[in-house]
There are 2 protein chains.
Amino acid sequence: MSVGENEETAGGPVDRGRLDKRRAIVEAALRVFAQVGYAQASLDVIAAEAGVSKPTIYNHLGSKEKLFRHVMTETAARSNAKTLDVLTAFPTDPDQLRPGLEDLATKLVDCYCDEQSESVRRLLYAEAVRFPDLFDAVRASGPNQFTEALAGRLARLANAGHLRVEDPVRAANQFIALVYEELPGMSALGTRPLDPADVAKVVTAGVDTFLRAFGTEPAGGPGKVSG
Amino acid sequence: MSVGENEETAGGPVDRGRLDKRRAIVEAALRVFAQVGYAQASLDVIAAEAGVSKPTIYNHLGSKEKLFRHVMTETAARSNAKTLDVLTAFPTDPDQLRPGLEDLATKLVDCYCDEQSESVRRLLYAEAVRFPDLFDAVRASGPNQFTEALAGRLARLANAGHLRVEDPVRAANQFIALVYEELPGMSALGTRPLDPADVAKVVTAGVDTFLRAFGTEPAGGPGKVSG
DNA sequence: AGAAAATTTTACTGGGTAGTTAAATTCTGT
DNA sequence: ACAGAATTTAACTACCCAGTAAAATTTTCT
């Protein structure tokens, strides 16, 4: 038994201590990886940041590559869960479609612009060549699922006659594209803080365009016109 | 004696030879950087790939960081010039607005999906934390200029009554977002080849949505409906 | 309390890389 | 053709880092 962390046998202060260290390692690793990149990240630095010594990392995670994979998948899973949870806010009342979509979009971009989300995205971009499987895994468990779920909601609204959508998946992708749009560029990929007012403008404009294209009301309806 | 001293050049074989080496270095550096990232890129490998030895790189470019900056700005400048050139294809005939925009969008995404463009984008993402100035410089000289130019064209069409656009810059950004949309995800950031048919579908759908939102014809006009 | 087992730590190794120095080669001017 | 200037090259240095081995510490079982 090398690394038998039985979650069922929890309760002892021992395992708790080990798990704390493990989590400290993973959190520190994310910080360091995000700050200096995979190759530049030194395990000594990560160990120091985690308040742990280097071989402890090997005992827990095995190797630098495994640590990286673990950090990425775990962080992505957390972010993805939060993002999927946003769909709870999907509007069901057709009369509140616009404010509902704006609320949804605001929450969505909040998730996308979360610091951990941005870190993972940057690292995924950075290492897309050397960790293609990671890229696929994260996308499959995250954005793709969200798109599919959103597409389902849009399709329901379309069936009920509140939206004119022929290809729900494509419409979902376009919705995301419209409201997320230029935020990465504006924030330098999460490197600089965003002015919430600017974010709100982008979201409003995105939802506006989306409803112009897919809404059933006459164009230029309730949405205010001048930016 | 190394390879390829071409004396057949008119106007000074010397400088030509040196310039060739310099260009070989920059090209090799881009390849290596794109493949393994900034930190992992070894100057020895770059030198070998360029058919040159290491100090030659220092004589020409000074340091690894300067080499990187040079490679990035130079490659970005080339890509940006190509992209800006695409606006030549902007439709002027209002009767051909849809096919014109589709053509424009196709050429635009071709530029965006060019291998060098993708490489620079990945590296920019990867090093956004440590080279924030590079990020800003490339964006300022590239996407921002394109957006502004496109916005101007859209505004002209709007003034002539062929488009309903209030904020041309935002509309331009949304146009780009709609037609570029999911391509990075589909190609794993340029890591995998794209099926041109899929690209065409995304482009068509993007232009379709754009015209639904901003066009003056009644919705569901000449664009075919089923995907 | 005491012994055994596991884990953390200190100290080390082998490989690799950015940047430099002095010799060899190539090019310029006369 | 020849001497001098500039550039390319091979070999070298100092440094850093991923991963490992044995010692010290902590925890568990009797």
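We use all heavy atoms of the structure for the numbers below, so side chains are in, but hydrogens, waters and symmetry mates are not. Per chain, numbering begins at 1; letters A, B, ... match sequence-line order.
- Here the C1' atom of nucleotide dA18(D) and the CG atom of L61(A) are 14 Å apart, to the nearest Å.
- Distances shown here put every side-chain N or O of T56(B) at or beyond 4.0 Å from the OP1 or OP2 atom of dT7(D).
- Contact check, H60(A) against dT7(C): no side-chain N or O comes under 4.0 Å of OP1 or OP2.
- The side chain to side chain contact (heavy atoms under 4.5 Å, CB included) search around A50(B) returns A24(B), I25(B), A28(B), V52(B), not counting sequence neighbours.
- Nearer to the 5' terminus of DNA chain D, by closest-nucleotide assignment, is the contact made by P55(B) (compared with the other of P55(B) and P55(A)).
- For residues 172-188 of chain A, the pairs satisfying salt bridge (Lys or Arg N to Asp or Glu O under 4.0 Å) are E182(A)-R170(B), with sequence neighbours left out.
- In this structure, the side chain to side chain contact (heavy atoms under 4.5 Å, CB included) partners of L123(A), at least two apart in sequence or on a different chain, are F33(A), F68(A), M72(A).
- Regarding N59(A), its CG atom lies at a distance of 14 Å from the C1' atom of dA5(C), rounded to whole Å.
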Summary of protein contacts for nucleotides 13-19 of chain C, nucleotide by nucleotide, where a base hit scores B, a sugar-phosphate-only hit scores S (4.0 Å, heavy atoms): ----SBB
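- Residue pairs meeting the side chain to side chain donor-acceptor pair (under 3.5 Å) criterion with at least one member in residues 32-42 of chain A: none, sequence neighbours excluded.
- Scanning for side-chain hydrogen bond (donor to acceptor under 3.5 Å, both in side chains) contacts around E49(B) gives R31(B), with sequence neighbours left out.
- Checking side-chain atoms of Q174(A) against main-chain N and O of A205(B) turns up a donor-acceptor pair under 3.5 Å.
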